[in-house]
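Excluded from the calculations below are hydrogen atoms, water molecules and symmetry mates; all remaining heavy atoms, backbone and side chain alike, are included. Note that this is a predicted model, so its numbers are computed, not measured. Chain letters run A, B, ... following the sequence lines, proteins first, then strands; residues in each count from 1.
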Amino acid sequence: MSVETDPNPAFADYAHPERLVSTQWLSAHLGAKGLKIIESDEDVLLYDIGHIPTAQKIDWHLHLNDPVTRDYINGEQFAELMRSKGIERDDTIVIYGDKSNWWAAYALWVFTLFGHEDVRLLDGGRDAWMAEDRETSFDVPEYPRSDYPVVERDDSLIRAFKPQVLEAIGKEPLVDVRSPQEYTGERTHMPDYPEEGALRGGHIPTAISIPWAKAAAPDGRFRPRAELDEIYRDLDPDTPTIAYCRIGERSSHTWFVLTYLLGFTKVRNYDGSWTEWGNAVRVPIAVGEEPGAAPGVE
Amino acid sequence: MTLPPALAEIVEDFAALGDSDKITLLLEFAAELPDLPEHLKQEAMEPVPECQSPVFLSVDAGDPESVRLYFTAPPEAPTTRGFAAILHQGLDTASAQEILDVPSDFYHELGLGSAVSPLRLRGMAGMLARIKAQVRTQTGIGGSAPPGSGRPGA
């Protein structure tokens, strides 16, 4: 069963305020029937040094990725993961994490591939909870296994693959959410992430640069609606749009903002992102600060 | 595999444990990472743009028989702190040659892949590579040859 939504007035201007909960709301609903809390972080050990009471850990690398093929887990594996966490298909899931929720947004995007209906983010994520000195726990909760059904992953609506991105160049807006240095081609990886580098630097021609972090306030919470409208003013809510970054995690954050906070209806996340594009043979690349033209178009 | 005794012991300790105990041990390492000495604190505070895992490391190979290593990483990056602490406890005061002889993929032997993911473990390889590069620059040992070069016919 699902849990009532957070009526917080700070969320009222967003297109889908039901997708966010505040720290106050979560604090007041700890232990509510039908509520499951998931922590999903960049740093895999953060959960283990204290987490929100009753929360369970789901790690992108360890739990949501197929261990062999570069792909997400399948319907069977997702169902098993949910069963092992005691999550029912109609439960409300609240996800939170470090780094302004970027990994939490990634997990939420993957949950959405499997059509889990009620999945929300804790606005501000782990940092907001900790900054308010709220209760934490070391207990790893064990819930009775659920009978979560096997649901096939639907990659058609919110996920884009390389051939589709190639096709979209010059026809659909592309948004590059990486840092400006990665966009121009000055850098082929983020500092300290050399293992996720690419052979070539730059961006997909025609992609505009809107770094993901612009959508997050310094305290890790999402910026107010009016500010987000301004940041994404070059994009249209009803035009199919593809966002990408380096492996698809930062662009999940942007996907969340566009889809649930601004009400865009056709945003897809290209999870292959630069680690695929920047290593692929004979795909077009633009370098420098300008988006660049589609190949064959002057 | 040739590892300095302290690092070899750490590898043995990890290899003997199951996943959940490995995580506990890695967290203990993270907690034991010593503070930086005063003279490095200012340098370590210089910001790195959009750096997600800000590990600071400094190598002093002034005495090639006893190389000193200094690391810091914030409390909200416990995995990075744990990796840094393993390298600190395993290699601080080792000789330059011992450090250069550590295989770049020694971390496989820790068996942490299923606990923290193989991709994250490469972060430790990155730190080791930075340490070795500093040791080479400061001592001149090993010349400037990149690892793997010099193989006959390669």
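At a threshold of 4.0 Å, the pair A:Asp48-A:Lys57 counts as salt-bridged, since one of the basic side-chain nitrogens sits closer than that to a carboxylate oxygen. A salt bridge is defined here as a Lys NZ or Arg NE, NH1 or NH2 lying under 4.0 Å from an Asp or Glu carboxylate O, and A:Asp43 with A:Arg126 fails to meet this definition. Using a cut-off of 4.0 Å between Lys/Arg side-chain N and Asp/Glu carboxylate O, A:Arg250 and A:Glu182 are scored as salt-bridged.
No cation-pi contact links A:Lys162 to A:Tyr270, judged by a cut-off of 6.0 Å to the six-membered ring centre and 45° from its axis.
Top candidate by heavy-atom pairs under 4.5 Å with chain A, chosen from B:Pro75, B:Pro118, B:Ala115, B:Ala31, is B:Ala115.
Scanning for side chain to side chain donor-acceptor pair (under 3.5 Å) contacts around A:Asp127 gives an empty result, with sequence neighbours left out.
Of the two parts of B:Ser114, only the backbone, made up of N, CA, C and O, holds a non-hydrogen atom closer than 4.5 Å to a non-hydrogen atom of chain A. Heavy atoms closer than 4.5 Å to chain B are found nowhere in A:Asn65, neither backbone nor side chain.
Contacts of residues 59-71 of chain B with chain A at a heavy-atom distance below 4.5 Å are absent; not one residue qualifies.
In summary, the side chains of A:Glu132 and A:Thr23 do present a donor paired with an acceptor at a separation below 3.5 Å, with no hydrogens or angles considered. Looking at A:Trp102 and A:Glu249, their side chains never bring a donor and an acceptor atom within 3.5 Å of each other.
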